Amino acid sequence: MSENIQQKYNERLRRYQAAIALEMPDRIPISAGSNYFAEVYAGHTNQEFIYDVDKWKEADVKFVNDFPEVDAFRSGRFWGPLHDAVGFNMYKLPGRELSPRTQFQFVEGERMKADEYDLLINDPVNFLFERFLPRTLNDFKEPGSARANVALIKGAMASAMLGGFMRNRSMYLQSELGMPNSMGGVFLAPFDYLADGLRGLRGVMLDVRRQPDKILEACEALIPDIVNAGLAIADPLRRSPIFLPLHRGAFPFLSPKQFDELYWPSLKKTMLMFIDAGYTIRAYLEGDWGPNWHHFRELPKGKVLCDIDVQGDIFKAKEDLGGYQCIAGGMPDSLLILGAPAEVKERVKLLCETVGKDGGFIINGGCGIPYDTKPENFKAMLEAVLEYGRYSDTFDFEIHMSPTPPAGWQPPRRRVVTPWEVKLQELGGVKGEESPIKKNWEMLEHMAFNWLFSWLW
Amino acid sequence: MGNLTQLAQALVDLDEELVNKIVKEKIAAGEAPLDIIKECNEGMGKIGKLFEANEYYLSELIMSGEILKGVMNELEPLLANVEKEASTADVVVIGTVKDDIHDIGKNIVVTLLKGTGFDVIDLGVDVPAETFVKTIKETGARVLGLSALLNFTFPAMKEVVDQLAAAGLRDQVKVIIGGAPCNEEVRQFTGADYLAKDAATGVNICKEIFGKC
């Protein structure tokens, strides 16, 4: 990496990390976790971007060259061929069920039945293989069939390929374009695993009334697997936050009482486990979180970047979260899509003078930059931040980067399908050193479980 | 709305067992199914009011719909012989616009509208402009609700309004837009008449249009 590029990378990352940590960088950082606009700006359709990884580089190069003021971004997390390999039915994809220029969309469904909580809690491996995956992966409808077996093989291979593509992309962004990732790795709130992929919205809302104890029990049981699955794909150097899209904790899905009892405790516990492991979190407060976001004050300061959606009031968010957590947002989607550059600049100026004036603020749309953003509006947003969002000419913030967790940290118990002890017994002992054999056996077992778990959402 | 009947109150309390018990007793006593439905509708109306007042949330709304579905299943066989009264209610046509498959918000509005006594024609999700126009033409409905969750739908909403105009129907129908990405700027872009910033507002706009306030 050339020195110049390295410097650019450090500058951007420092700015981003400083804001998250509630420090004052040289100016307000510009970062979207989901920069949808960056996917299509170079002229690709949504389908092209989801199906052809070669387009990523073209798109990234053009985007970064044309908008160098951006400090960190991430775009595109889907690779269509992986979904197709197993027949994943939780999303409709552009070019497949949707028109090629449309956004991917989540498909509601009841993929876990009301009476399957105990199985999920006590025997998740069998729950996944026998109940959940046959309903979720169309190529795995008949477990044991050749088609189903091949689906698993293809799916695992495709996942490994996608991992490689993502790594290469990050490396390229870093070493050729000097651009940090705004996020790495992902997890959901335990309640949202139930509400999204497992029980579905209708199912979980009935459970809230009929069997709230089961919800609580399941949320608790899911935590270790959520943490392990999230850590497995997080940035090993702990530079960028882990992505946490939050769904059904928004108003008016749950009453404040239901939120406090059923949604928050397990979410808080999960977030604290990631924070203890040395990570920060970027939480999308999707929808209107106004009645509930005050809870983020209970977490260590400057660890959870909260993206405020268009239905939330960014000024109120600043009032409630200022001094506790950094917030991102403030640019209405409709303004970026329908507005004019002068209006965009006016809005940025207002944000810089109010919510952004004392740090802890990152400029963004509502949890992302829309696909249909007018390029001239995006440009105007960046220019206006340079004009109105400056804090100082110099700043000295040390980049947070650590390949190891804090001293004393232990991962939660890692799930395997076949424990090493069973394997060892079958082998009748080993003739050489046991530890390298055991270590790798367990690593692959654990990866396999994470792969199964990854289809929950 | 006066005091609720025991059945309506049980529904408002989301007491599934009690609702089912009362309905069974009423059926056994030979009460007319339409009268039973009327009592349930009163309960649903009250639930809508509680939702508007932030006393009930989505789980309560979905639960009440589930209980009602159970009641309707009980009554269905008895309704076969009952002549349906011609609908005198005011008709609202609603749907999620083209390329968007989200319907949670729309379904809340439908539940509240029905609870308020409107007749609702729900066209579902991913509804092409042509289908909205055709339905307005056929039913003569005076209100059209366009729903969306995703922010790429602004042109799709505008398309519906434009096609209504092209079909000469624009003056007969009031168009309301609603859903996460909608605001006044979007309303102006689409040419819709009203913006419903939440479900309750949408229902109140319908009442206003039909002079029910």
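As the structure is a prediction and not an experimental result, all values here were calculated from the model. In what follows, chains are A, B, ... by sequence order, proteins preceding strands, each numbered from 1.
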By a 4.5 Å heavy-atom criterion (distance strictly below it), what part of Leu338(A) contacts chain B: side chain, backbone, both, or neither?
-> both
Checking Leu61(B) against chain A: side chain, backbone, both or neither under 4.5 Å from a heavy atom?
-> neither
In terms of heavy-atom pairs under 4.5 Å with chain A, the winner among Ala199(B), Pro181(B), Ala180(B) is Ala180(B)
Counting heavy-atom pairs under 4.5 angstrom with chain A, the leader among Ile62(B), Leu149(B), Ile101(B) is Ile101(B)
Should we count NZ of Lys137(B) as having more than 12 external heavy atoms under 6.0 Å?
-> no
By a 4.5 Å heavy-atom criterion (distance strictly below it), what part of Phe189(B) contacts chain A: side chain, backbone, both, or neither?
-> side chain
Go through Val208(A), Leu98(A), Leu254(A) and name the one with the most non-hydrogen pairs under 4.5 angstrom from chain B.
-> Leu254(A)
Gap between atom CZ of Phe253(A) and atom CD1 of Ile108(B) - 0.5 Å precision = 7.0 Å
Could you work out all donor-acceptor pairs shorter than 3.5 Å where one atom is in chain B and the other in chain A?
unit_1, atom_1, unit_2, atom_2, d
Glu16(B), OE1, Arg210(A), NE, 3.3
Glu16(B), OE1, Arg210(A), NH2, 3.2
Glu16(B), OE2, Arg210(A), NH2, 2.7
Leu58(B), N, Pro252(A), O, 3.0
Leu58(B), N, Phe253(A), O, 3.4
Ser59(B), OG, Gln258(A), OE1, 3.4
Ser59(B), OG, Gln258(A), NE2, 3.1
Glu60(B), OE2, Arg209(A), NH1, 3.0
Glu60(B), OE2, Gln258(A), NE2, 2.8
Glu66(B), OE1, Arg202(A), NE, 3.4
Glu66(B), OE1, Arg202(A), NH2, 2.8
Glu66(B), OE2, Arg202(A), NH2, 2.9
Asp99(B), O, Gln105(A), NE2, 2.5
Ile101(B), N, Gln105(A), OE1, 2.8
Asn151(B), ND2, Asp333(A), OD2, 3.1
Asn183(B), ND2, Ser334(A), OG, 2.6
Glu185(B), OE1, Ser334(A), OG, 3.2

Look up atom CG in Leu58(B) and atom CZ in Phe251(A), then write down how far apart they are to the nearest 0.5 Å.
-> 10.5 Å
Who among Gly339(A), Pro252(A), Pro332(A), Gly366(A) has the most heavy-atom pairs with chain B under 4.5 Å?
-> Pro252(A)
